[in-house]
> 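Provided herewith is a single structure, encoded as structure tokens, for subsequent inquiry.
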Amino acid sequence: MVSTNVNTQRKIIHIDMDAFYAAVEQRDNPAYQGKPLAVGGSPDKRGVLATASYEARAFGLHSAMSSFRAVQRCPHLILVPPRFEVYRQVSQQIRSIFQEYTDLIEPVSLDEAYLDITENKRGMTSGTRIAEEVRRRIQEETGLTASAGVSYNKFLAKVASDINKPNGLFVIPPERANVFIDQLPIGKFYGIGQKTTPRLQALGISQGSDLKALSPERMKELFGKSAAFYAGLAYGQDDRPVEPTWIRKSVGAETTFEQDLADRSKMLTALQGLSEEVLNWMNRHRTFGYTLTLKVKYSNFQQITRSKTQETPIKTIINMMQLLSMLLTLTQADNRSVRLLGVSVSRLAHPTGALAVIDRLPAEESRQLKLFG
Ligand code: DCP
Ligand code: MG
């Protein structure tokens, strides 16, 4: 692979609020400060944690853990339900701070964004200075702390923002990128998650230098279509632009039942409720889609999806229910009980020409690695 031609000219900041939902709850209720706290659903309703305060993380608590397990591990846990309205409001506040520096802002979730400050509204040349200013202003104006990473691309800026978390800053200048990436654990690379990490480690690929050592053929075998992207990352190259807004590609709703459902008619009733939510969203955003996907998680947590694309747009509840009834038949839901059902519509069109820009993004799309597909 070639290590030249890496564009190191851009200045990118990645900002990520610390223990976001939990920090907001602690800010707004002094009695919660300094205590293990989590935001999430109730343990007796199969809830999960959205996040945990750093005090709670000391007990091993983390996002997506079941509330039941969390309370077992940390009996004094303060568990509060989310207040999305407040989180959205804070998200707006930090967004307005970003906007004073640049319009090239890519929100990744309510508490996280990339800023391209190569050219910025303040005419400042130091990315580090801007990141420090933004962090200070977030703290002054919201009473919350954020961590920031500064580098010349998104990959490195994001990795950097995690290094001195919470309330920290880390900078990776171009001249230090190589050594940094060589030692970077493979699980920190973009798109390589909990499942892929141990598989790569088992193949002897545990950090950046191991990735660099792979031949182009081997890269292709392991990463398929993403081979060039990962080869680039190994050399500190990531040309993904900071994209100012998201365009939603699908809209969905899902629900986990308090008790598993074994009855088809009950499943259909639940699917109707979910379909109505999805339709409402599409109506509000004056859009529609062509592909309907049913997601089923069985009681043993095995999950499958079944999709149907039609030539005419999906716009009515009757249409959705016809498709869902057919898709449900393609699952084993008639014989097995079901813990979660989900409905989503994709291939969205925008009849008004107005793009459906949203204020919340689903989890980062995971890249399909050929080896593990
Ligand atoms: N969130 C969620 N479910 C998840 C992960 C996160 O609902 N599985 C929510 C709650 C978090 C917020 O999104 O507060 C931001 O997610 P982060 O991954 O940035 O986590 P935190 O901000 O809570 O912690 P930190 O960034 O300090 O690690
Ligand atoms: Mg965060």
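Here, residue 1 is the first one in the sequence, and each next residue gets the next number. Order of appearance sets the numbers: ligands from 1, and atoms from 1 within every ligand. Please read these numbers as outputs of a predicted model, since none were measured by experiment.
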> Which atom, counting only N, O or S, brings D111 closest to the Mg ion (ligand 2)?
OD2
> Without swapping roles, check the side chain of T269 against the backbone of S265 for a donor-acceptor pair under 3.5 Å.
yes
> Kindly indicate whether the side chain of R83, heavy atoms from C-beta on, has any atom under 4.5 Å from the side chain of V24.
yes
> Hey, does Y21 come in under 3.5 Å of ligand 1, counting only N/O atoms on both sides?
yes
> Output the list of atoms in ligand 1 that are nearer than 4.0 Å to some heavy atom of F20, sorted by atom number.
14 (O), 21 (P), 22 (O), 23 (O)
> Answer yes or no: does an N/O atom from D18 fall short of 3.5 Å to an N/O atom of ligand 1?
no
> What heavy-atom pair brings L327 and L292 nearest, and what distance separates the two atoms?
CD1-O, 3.9 Å
> Under 4.0 Å, heavy atoms only, figure out whether ligand 1 is touched by the backbone of M17, its side chain, both or neither.
backbone
> Between D16 and ligand 1, does any nitrogen or oxygen pair lie at a separation below 3.5 Å?
yes
> Which residue and atom name correspond to the protein heavy atom nearest atom 20 (O) of ligand 1, and how close is it?
T51 OG1, 4.3 Å
> Which option out of E25, M65, H62, K165 puts a heavy atom nearest to atom 26 (O) of ligand 1?
K165
> Taking N319's backbone N and O only, do any of them form a donor-acceptor pair with Q310's side chain (distance below 3.5 Å, no angle check)?
no
> Does a donor on one side chain sit under 3.5 Å from an acceptor on the other, for S325 and R264?
yes
> Is there a heavy atom in R57 that sits closer than 4.0 Å to ligand 1?
yes
> Out of A50, A64, A22, whose heavy atom is nearest to atom 1 (N) of ligand 1?
A50
> Looking at Y54, which atoms of ligand 1 are within less than 4.0 Å of one of its heavy atoms?
25 (P), 27 (O), 28 (O)
> What is the closest protein heavy atom to atom 16 (O) of ligand 1, and at what distance does it sit?
D111 OD1, 4.0 Å
> Can you confirm whether R176 is buried at CZ, in the sense that more than 12 heavy atoms of other residues, nucleotides or ligands lie under 6.0 Å from that atom?
no
> Are the aromatic ring centres of Y190 and F155 under 6.0 angstrom apart?
no
> With a cutoff of 4.0 Å, is Y87 in contact with ligand 1, counting heavy atoms of the residue only?
no
> With a 4.0 Å cut-off, strictly under, does atom 8 (N) of ligand 1 pick up any protein heavy atom?
yes
> Indicate the ring-plane relationship of H14 and Y114, choosing parallel, tilted or perpendicular according to the 30° and 60° boundaries.
tilted
> Testing K266, R46, R336, K297 for salt bridge (charged side-chain N to carboxylate O under 4.0 Å, His left out) with D260, which one passes?
R46
> Look at the N, O or S atoms of D16, main chain and side chain alike, and state whether any lies under 2.8 Å from the Mg ion (ligand 2).
yes
> Can you name the nearest heavy-atom pair linking S275 to I317, along with the distance?
CB-CD1, 3.5 Å
> Under 3.5 Å, N or O to N or O, is A19 touching ligand 1 that way?
yes
> Can you tell me if an N/O/S atom from M17 lies under 2.8 Å from the Mg ion (ligand 2)?
yes
> Return the CD1 to CD distance between I105 and Q99, rounded to the nearest 0.5 Å.
4.5 Å
